[in-house]
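Report on one structure; see the data block that follows.
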Amino acid sequence: MAQAKISAKASEGAQQQQSGGQLRGRFYRSTSMADRSSRLLENLDQLELRVEAFRDAASAMEQEKEILLEMIHNIQNSQDMRHISEGEREELNLTANRLMGRTLTVEVSVETIRNAQQQESLLHATKMIDEIVNKLLDDLEDAKIRLMSLYGACTSDVPAGPIDQKFQSVVIGCAIEDQKKIKRRLETLLRNLENSEKSITLLEHQKTSVRQSCNSKQD
């Protein structure tokens, strides 16, 4: 009798242990740490793509703002603006200033993550460009040549002239995003210089035409 009870208890314990093992097995299979980790990693990968797309969109907006401001400025300083009536020029300048003001109300800033070396390289590159810009009025042609040599150091295309090797080594030490911004700044400076040269050439041509006209009348 006693032996039968012991055997029954042993059999019941074995069944409970087997049932518990199956439950624990199902629990571990449904909440596996590897599965959880895989799902979280997949979510983070998708978020990383969205973050990069978000930064790219913000950078594009930064560039668009720069382009709009440059275009408005160019219109205000164009030769066409100098050859219209004072009343029309005043009205157009009011419109341009309104557009400039509305553009400036949009604040877009994409911060670049830099280490100490990249920060130092950026400061050095900015200083080299600023030194040329500060001497633009002293010698326009020399400034253009020097800016072109800096730009040649930033592009993968075959440069039209010599490149500044020192500037190239400095730019290489900058963060990728900073390299792009440096290149864009140089492109803007060169465009503005070209527009200035065209304005000066046109002005000189007009002066020459006026002098020739005056000489003809005197003859």
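We're numbering straight along the sequence, starting at 1.
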Review point. Mind checking whether Leu104 and Leu68 sit in one hydrophobic cluster, side chains of I, L, V, M, F, W, Y counted as touching below 4.5 Å?
Key: no
Check your understanding: Listed by chain and number, what are the side-chain hydrogen bond (donor to acceptor under 3.5 Å, both in side chains) partners of Glu111, not counting sequence neighbours?
Key -> Ser109
Point to revise | Minimal non-hydrogen separation, Arg114 against Leu122, with atom names | key: NE-CD2, 3.4 Å
Review point. Got more than 12 heavy atoms from elsewhere within 6.0 Å of CD, Glu187?
Key: yes
Exercise for review: Look at the side chain of Thr105 and the backbone N and O of Arg102, then say whether any donor-acceptor pair between them is shorter than 3.5 Å.
Suggested key: yes
Distance-only criterion, 3.5 Å: show the donor-acceptor pairs between side-chain atoms of residues 128-136 and protein atoms not counting sequence neighbours.
residue, atom, partner, partner atom, Å
Asp130, OD1, Arg185, NH1, 3.2
Asp130, OD1, Arg185, NH2, 2.6
Asn134, ND2, Asp130, O, 3.1

Output side-chain donor-acceptor pairs under 3.5 Å for residues 162-176, partner residues at least two apart or in another chain, one line each.
residue, atom, partner, partner atom, Å
Asp164, OD1, Lys166, N, 3.1
Asp164, OD1, Phe167, N, 2.9
Ser169, OG, Lys166, O, 2.6

Practice item. Apply side-chain hydrogen bond (donor to acceptor under 3.5 Å, both in side chains) to Ser85 and list each qualifying residue two or more places apart in sequence or on a separate chain. Key: Glu88
Exercise for review: Could you tell me whether the side chain of Leu69 reaches within less than 4.5 Å of the side chain of His73, counting heavy atoms only?
Suggested key: no
Point to revise | Donor-acceptor pair, side chain of Thr155 and main chain of Tyr151, under 3.5 angstrom | key: no
Check your understanding: How many angstroms lie between atom OG of Ser78 and atom CD1 of Ile84, to the nearest 0.5 angstrom?
Key -> 7.5 Å
Exercise for review: Identify, with sequence neighbours excluded, every residue that meets side-chain contact (heavy atoms from CB on, under 4.5 Å) alongside Asn115.
Suggested key: Gln117, Gln118
Review point. Do His124 and Ser121 have side-chain heavy atoms sitting under 4.5 Å apart?
Key: no
Point to revise | Hphob cluster co-occupancy, Leu140 + Leu189, side-chain heavy atoms under 4.5 angstrom | key: yes
Check your understanding: Does atom NZ of Lys183 have more than 12 heavy-atom neighbours, drawn from other residues, nucleotides or ligands, at distances under 6.0 Å?
Key -> yes
Practice item. Examine distances only and state if a side-chain atom of Lys65 and a backbone atom of Val108 form a donor-acceptor pair shorter than 3.5 Å. Key: no
Check your understanding: Hey, what do you get for CG (Leu99) to CD1 (Ile75), rounding to the nearest 0.5 Å?
Key -> 8.5 Å
Practice item. Decide side-chain contact (heavy atoms from CB on, under 4.5 Å) for Asn74 and Asn192; before the verdict, give the C-alpha distance in whole Å, the side-chain angles of both, and the deciding distance to 0.1 Å. Key: CA-CA 8 Å; Asn74 288 340; Asn192 290 338; 3.9 Å; yes
Review point. Can you get from Met148 to Leu193 by hopping between Ile, Leu, Val, Met, Phe, Trp and Tyr side chains that sit under 4.5 Å apart?
Key: yes
Practice item. Check salt bridge (charged side-chain N to carboxylate O under 4.0 Å, His left out) between Glu64 and all other residues, then give those that pass, not counting sequence neighbours. Key: none
Check your understanding: Does Arg146 have any salt bridge (charged side-chain N to carboxylate O under 4.0 Å, His left out) partners at least two apart in sequence or in another chain, and if so, which?
Key -> none
Practice item. Determine whether more than 12 heavy atoms belonging to other residues, nucleotides or ligands lie under 6.0 Å from atom CD of Gln46. Key: yes
**Study point:** Gln76 CD: over 12 foreign heavy atoms closer than 6.0 Å
**Key:** yes
Point to revise | Distance, nearest 0.5 Å, that separates CD of Gln63 from CZ of Arg184 | key: 3.5 Å
Practice item. Work out which heavy atom in Ile72 is nearest to a heavy atom in Ala96; give both atom names and the distance. Key: CG2-O, 3.5 Å
Review point. Out of curiosity, Arg36 CZ to Ser32 OG, how far, rounded to the nearest 0.5 Å?
Key: 9.0 Å
Review point. What pairs with Glu90 under side-chain contact (heavy atoms from CB on, under 4.5 Å), at least two apart in sequence or on another chain?
Key: none
Revision key, fill the gap. Residue set satisfying salt bridge (charged side-chain N to carboxylate O under 4.0 Å, His left out) with Glu70, at least two apart, ordered chain then number -> Arg191
Check your understanding: Got more than 12 heavy atoms from elsewhere within 6.0 Å of CG, Leu47?
Key -> yes
Check your understanding: Checking Ser37 side chain against Ala34 main chain: does a donor-acceptor pair fall under 3.5 Å?
Key -> no
Practice item. Check salt bridge (charged side-chain N to carboxylate O under 4.0 Å, His left out) between Arg89 and all other residues, then give those that pass, not counting sequence neighbours. Key: none
Review point. With hydrophobic residues grouped by side-chain heavy-atom distances under 4.5 Å, do Met71 and Leu92 end up in a single group?
Key: no
Review point. Quick one: side-chain hydrogen bond (donor to acceptor under 3.5 Å, both in side chains) partners of Asn93, sequence neighbours excluded?
Key: none
Check your understanding: Given the rule in the side-chain contact (heavy atoms from CB on, under 4.5 Å) test, do Lys181 and Glu62 qualify, once you have shown the distances and angles that lead to the verdict?
Key -> CA-CA 10 Å; Lys181 290 181 179 180; Glu62 271 189 328; 4.1 Å; yes
Review point. Among all residues two or more places apart in sequence or in another chain, which pass the side-chain hydrogen bond (donor to acceptor under 3.5 Å, both in side chains) test with Glu177?
Key: Arg55, Thr112
Review point. Given the rule in the side-chain contact (heavy atoms from CB on, under 4.5 Å) test, do Leu150 and Ile182 qualify, once you have shown the distances and angles that lead to the verdict?
Key: CA-CA 10 Å; Leu150 297 189; Ile182 289 170; over 6 Å; no
